[in-house]
Protein chains: 2
Amino acid sequence: MSEYEHTCMIRGDGGRTIRAILDRICNKWTLLVVATLDQGSLRFTDLHQQVSGISQRMLTLTLRNLERDGLVSRTVHAEVPPRVEYALTPTGKSLIPPALALAGWAIEHIPHIEASREAYETRN
Amino acid sequence: MSEYEHTCMIRGDGGRTIRAILDRICNKWTLLVVATLDQGSLRFTDLHQQVSGISQRMLTLTLRNLERDGLVSRTVHAEVPPRVEYALTPTGKSLIPPALALAGWAIEHIPHIEASREAYETRN
DNA sequence: CTGTATCCGCGTGGATACTG
DNA sequence: CAGTATCCACGCGGATACAG
């Protein structure tokens, strides 16, 4: 039942590797932007509308970090008004499956977690 | 190749579900503690030694949150000196596979990401 | 051994206004 | 259209000391 033989992937190197990836995707918007871009290339304004609640500033910062890490490509078209298209790179696309695994876990277990949380609160 | 039909799991409800789970596991220590507990029940001091770098305060806070969410059980043995055993609940264990998926992705792609990052820096 | 209590620096992210 | 610039509030997490 236990898979402790494999958790060295997480605990290895004192957790630096897993922490590095968590630092990248665990901010408030990254995963949502990546998931939104999975439908294909989008321009800044489209992203701003589809990722509900994100500010211009946060969208810019998130996209810059993703571009810097090679998960998203940014192509500027020499037009007036300017047009900028964002798209997932192969590396970016490869993040989708593990992200879906996590989302699946969340959808399946969050009700139970919420219940446990409420029970814990009222108990104290 | 694209899996955009499925990313609604992530984008659904404006990202609240995925954000809820990320808020839980994306802090600095949670995933490491969970992975460490996958080898079986451990007491406070053992965890403190095995999760290298964590402070008493952070270990306590992390364990309290995990207990509250029903991912970890806490059993106090009436002895002197006190003995407290922490263990994963079934829900807690179920987090391991998706976490491993993420760790696998990290191990596979982090070298490329680091390279992209350095290239981005020197380019600017 | 298993925690609590207190203080504090730092970074994230929100609001708002401005620009090429 | 696609950003930048500035200011600021908040909370995470580290260090340290104390306690049942």
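Note: hydrogens, waters and symmetry copies are ignored here, and every other heavy atom, side chains too, is used. Per chain, numbering begins at 1; letters A, B, ... match sequence-line order.
Chain B approaches DNA chain D within less than 4.0 angstrom (heavy atoms of the protein), and the contacting nucleotides run 5' to 3' from D:dG13 to D:dG20.
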Just list the side-chain donor-acceptor pairs under 3.5 Å for residues 45-58 of chain B, sequence neighbours left out, or say none.
| from | atom 1 | to | atom 2 | distance (Å) |
| --- | --- | --- | --- | --- |
| B:H48 | NE2 | B:I54 | O | 3.1 |
| B:Q50 | OE1 | B:Q39 | NE2 | 3.0 |
| B:S55 | OG | B:M58 | N | 3.2 |

Could you list the donor-acceptor pairs under 3.5 angstrom formed between side-chain atoms of residues 10-27 of chain B and any protein atom two or more places apart in sequence or on another chain?
| from | atom 1 | to | atom 2 | distance (Å) |
| --- | --- | --- | --- | --- |
| B:D13 | OD1 | B:G15 | N | 3.4 |
| B:D13 | OD1 | B:R16 | N | 3.2 |
| B:D13 | OD2 | B:T17 | N | 3.2 |
| B:D13 | OD2 | B:T17 | OG1 | 2.8 |
| B:R16 | NH2 | B:D13 | O | 3.4 |
| B:R19 | NE | A:K28 | O | 3.2 |
| B:R24 | NE | B:D69 | OD2 | 2.7 |
| B:R24 | NH1 | B:A20 | O | 3.2 |
| B:R24 | NH2 | A:E114 | OE1 | 3.4 |
| B:N27 | OD1 | B:W29 | N | 3.2 |
| B:N27 | OD1 | B:T30 | N | 2.9 |
| B:N27 | OD1 | B:T30 | OG1 | 2.6 |
| B:N27 | ND2 | B:R24 | O | 3.0 |
| B:N27 | ND2 | B:T30 | OG1 | 2.7 |

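Rounded to an integer number of Å, the gap from CD of B:E79 to C1' of C:dG3 is 17 Å. Across the protein-nucleic acid pair, B:R83 atom CZ and C:dG3 atom P stand 13 Å apart, rounded to whole Å. Look at CD on B:E85: it is 13 Å from C1' on C:dT2, rounded to the nearest Å.
Of the residues in residues 27-34 of chain A, those placing a heavy atom less than 4.0 Å from an atom of DNA chain C are A:N27, A:K28, A:W29, in numerical order. Looking at residues 58-66 of chain B, you'll see B:T60, B:R64 sit with a heavy atom under 4.0 Å from some atom of DNA chain C.
Distances shorter than 4.0 Å separate some side-chain N or O of B:R74 from OP1 or OP2 on C:dG3.
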Apply side chain to side chain contact (heavy atoms under 4.5 Å, CB included) to residues A:V84 and A:R43 and explain how you reach the verdict. CA-CA 5 Å; A:V84 181; A:R43 46 199 301 191; 5.7 Å; no
Checking A:V33 against A:L37 for the side chain to side chain contact (heavy atoms under 4.5 Å, CB included) test, could you report, in this order, the C-alpha distance in whole Å, the side-chain angles of both residues, the deciding distance, and whether it holds? CA-CA 6 Å; A:V33 169; A:L37 280 175; 4.1 Å; yes
From CA spacing to verdict: side chain to side chain donor-acceptor pair (under 3.5 Å), B:E85, B:S41: CA-CA 6 Å; B:E85 303 259 20; B:S41 118; 2.9 Å; yes
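Side-chain contact check for B:W105 versus B:I110: every heavy-atom pair is 4.5 Å or farther apart. You'll find the side chain of A:E67 stays beyond 4.5 Å of the side chain of A:S73, heavy atoms only. Residues A:H109 and B:S94 meet the side-chain proximity criterion, which asks for heavy atoms closer than 4.5 Å. Under the 4.5 Å side-chain criterion, counting only non-hydrogen atoms from C-beta, B:L42 is not in contact with B:Y86.
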Can you give one letter per nucleotide of nucleotides 15-20 of chain C, going 5' to 3': B for a protein heavy atom under 4.0 Å from the base, S for sugar-phosphate only, - for none? B----B
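At least one donor-acceptor pair under 3.5 Å links the side chain of B:S116 to the backbone N or O of A:G70. Looking only at distances, a side-chain donor or acceptor of A:T89 sits under 3.5 Å from a matching main-chain atom of A:L71.
A salt bridge links B:R68 to A:E121: one of the charged nitrogens lies within less than 4.0 Å of a carboxylate oxygen.
If you take OG1 on A:T62 and CG on A:L32, they are separated by 9.5 Å, rounding to the nearest 0.5 Å.
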